[in-house]
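Structure first, then comments.
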Amino acid sequence: MENVHQIPRPAPAPVDDRTPPNAHEAEEYVTGVIMHSAEAYTECSEVITRDDIFAPGHQLIWDVVGGLIAEGKQLHPVHVKAEISRLGRLREVDGGNLIDRLGQTTITAPMAASFAEEVHEAARLRRIDSFAIRLRSGVMDRTSPDVLDEQIAGFLQQRHATTDPFGARLTPGGSFILDRPDTVPALWGDGEQVVWAENEALLIAGPAGVGKTTLAQQVILASIGLRPGPVLGMPVRRVKRFLYLACDRPQQAARSMARMVRPEDRELLDEHLTFWVGPPPTDFIKDPGILLRLCQAAGADAVCLDSLKDMAGELASEEGGQAINSAIQRTLAEGIEVIGLHHHRKQSGGKDSGKEPTSLDELYGSTWITAGAGSVVSLFGAAGEPIVSMRHLKQPAGECGPWKLKHDHPRGHTDIWHQVDVLGMLRAAGPAGITPAALAVNLYPNPNAKPTTSEIEKARRRLDQYVEKHLAVMRKTGPSRTAPVAYFAAFDEQGELPDGDEM
């Protein structure tokens, strides 16, 4: 064996056990002064976020101080310690000793921002250092240079967006207008049937007990991969993490979702779903940016607001509606999708009592709430009943419904129980055909009134979709120029109708 030469083996990569860049002393000064001064916290929050803070104990104090300020409570280290104790997290601040020590720091509130600048600069270095380590690891693993180039470009783009927030949203006109897909990108839906469109909020409205929470939770569970498959026959796109603001009767929301999951789903639920229990830290009127910060703290790319009435005190006021809209639009602008649960206006005891809402005006609150939504769905029926009506009051693409839905309450599952069979009506009408007005009577039945012009136009668009799919033809019913238009089934030469799915 003396003639055998061992192949040289590369030395193992050194273990990087150094402490990442940080400004520990500056962090301590900042953490200490914000426990005494809301002014100092506000000044620092203009410079840093919680993610810029390195020490976990300092991060926890930062979060708690922000919560106390949002709730209008007095600041003092004693109050901060009491709140952390209430949360059961004193061990993260050395049993409270860290709070006692930092609470004795001697800088003044006006000095806080300069120390926050040091923290911010250290955080920038830390992110660069972390990326450099990942990049070096990729080189050692012989990762494709193209992949490494993409990682570098992505890192630089992210840093540019952070240092130049305006540049991240300034888009050339041609790209913004023309570089669009042919159909609406859907989170829930497909093609012309879209209930929830990408980067547009979905509102599900209705009176108490008609299944708003049940329906929203089915979409949420499908989106995190726990109940994969369609909801109401339409696909749901995956998201990484959902934040659920359980503000309205949170225990009822928990019981509702418990019907839909199993104990063995705990790990997936912990990984992809986070709950905020109770009212938000502050009213959206006072702080419309709080929704975005909650989503960022949870690492969520989608959020459910249950319900809007708990987000702002005066939904009927212009101020309240604008605050809700502002909070949602800020969140959407950062790529975080939004579902909101809402309510109808309370009906008076007059002739319209018990009438199903058919317009956005019949939803509670300021018009700014629905103006900022891309899609609005209305559920209506008696509380607790399994059969409810669904109308699509505002659509990002084609109208979905109107449908009758059936809730399977024990299983927490909802199906379409009844819908108008337009294709069947075309078949049955034969040579007489169907006019848009006749279809509107069936789609939007109202024994006390004729279909509205809007309802007739929506029925016309529905029939036009069958023409586009070559399942129907449109022609005038007489020779005169003003003769009404009717739609007929597109029978072939053998008298058969081409196969086609009901829309």
Side-chain angles (χ1 to χ4, degrees), residues 14-70 75 77 80-81 83-85 87-137 151 154-156 158-163 165 241 274 281 289 292-300 334:
V15 177
D16 187 359
D17 58 356
R18 60 188 173 82
T19 302
N22 67 91
H24 185 75
E25 188 175 9
E27 269 190 28
E28 290 199 330
Y29 279 119
V30 168
T31 307
V33 72
I34 64 172
M35 287 193 284
H36 294 279
S37 169
E39 176 191 353
Y41 177 87
T42 302
E43 291 290 331
C44 291
S45 65
E46 295 293 326
V47 180
I48 60 174
T49 68
R50 74 181 306 276
D51 293 335
D52 291 330
I53 299 171
F54 178 69
H58 299 166
Q59 280 190 339
L60 176 57
I61 294 171
W62 175 273
D63 292 341
V64 168
V65 169
L68 292 175
I69 293 173
L75 290 182
V80 175
K81 184 193 289 188
E83 178 64 13
I84 292 177
S85 177
L87 296 172
R89 301 178 66 181
L90 273 178
R91 66 184 182 281
E92 298 175 43
V93 287
D94 191 22
N97 293 327
L98 180 64
I99 295 172
D100 295 337
R101 181 171 64 81
L102 298 184
Q104 300 174 15
T105 52
T106 56
I107 69 168
T108 60
M111 300 171 62
S114 64
F115 285 91
E117 289 284 0
E118 291 186 38
V119 174
H120 177 65
E121 289 302 308
R124 290 181 63 193
L125 285 173
R126 191 162 60 250
R127 293 185 184 104
I128 293 171
D129 180 63
S130 175
F131 176 70
I133 292 172
R134 296 199 308 273
L135 193 64
R136 177 62 178 169
S137 176
Q151 292 177 357
F155 177 78
L156 293 176
Q158 181 184 28
R159 299 310 306 146
H160 177 70
T162 303
T163 57
R241 178 178 287 274
T274 299
L292 174 59
R293 297 201 301 276
L294 281 172
C295 292
Q296 291 172 333
E334 296 300 324

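What you see is a predicted model; the values in this text were computed from it and never measured. FYI, side chains are in, hydrogens and waters are out, and symmetry mates aren't considered; it's all heavy atoms of this structure.
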Side-chain donor or acceptor of T42 paired with backbone N/O of A38 under 3.5 Å: yes

Minimum heavy-atom distance between V33 and A112, given as atom pair plus value: CG1-CB, 3.8 Å

Heavy-atom pair with the smallest gap, counting every atom of G103 and H36: O-NE2, 2.7 Å

Gap between atom CZ of R91 and atom CD1 of I84 - 0.5 Å precision: 11.5 Å

side-chain contact (heavy atoms from CB on, under 4.5 Å) involving N22 - partner list, sequence neighbours excluded: T19, H24, F54, R126

Distance, nearest 0.5 Å, that separates CD1 of I61 from CD of E28: 9.5 Å

Results of salt bridge (charged side-chain N to carboxylate O under 4.0 Å, His left out) for E92 - residues two or more places apart only: R89

Point-to-point distance, once rounded to the nearest 0.5 Å, from CG of L294 to OG1 of T274: 11.0 Å

Inter-residue atom distance S114.OG - E43.CD, 0.5 Å rounding: 10.5 Å

Y41 OH to E46 CD distance, which is reported to the nearest 0.5 Å: 10.5 Å

Beyond-backbone contact of H58 with L98, side-chain heavy atoms, under 4.5 angstrom: yes

Rounded distance (nearest 0.5 Å) linking atom CG of L75 with atom CD1 of I34: 8.5 Å

Any V30 side-chain heavy atom under 4.5 Å of E118 side chain: no

Side chain to side chain, R50 and Q296, heavy atoms closer than 4.5 Å: no

Closest approach of A23 to A122 (non-hydrogen atoms, all atoms of both residues): N-CB, 3.5 Å

From R127, R124, Q59, residue fulfilling side-chain hydrogen bond (donor to acceptor under 3.5 Å, both in side chains) relative to D52: R127

Min side-chain heavy-atom separation W62-I48 under 4.5 Å: yes

Close side-chain approach of I99 and L102, heavy atoms under 4.5 Å: no

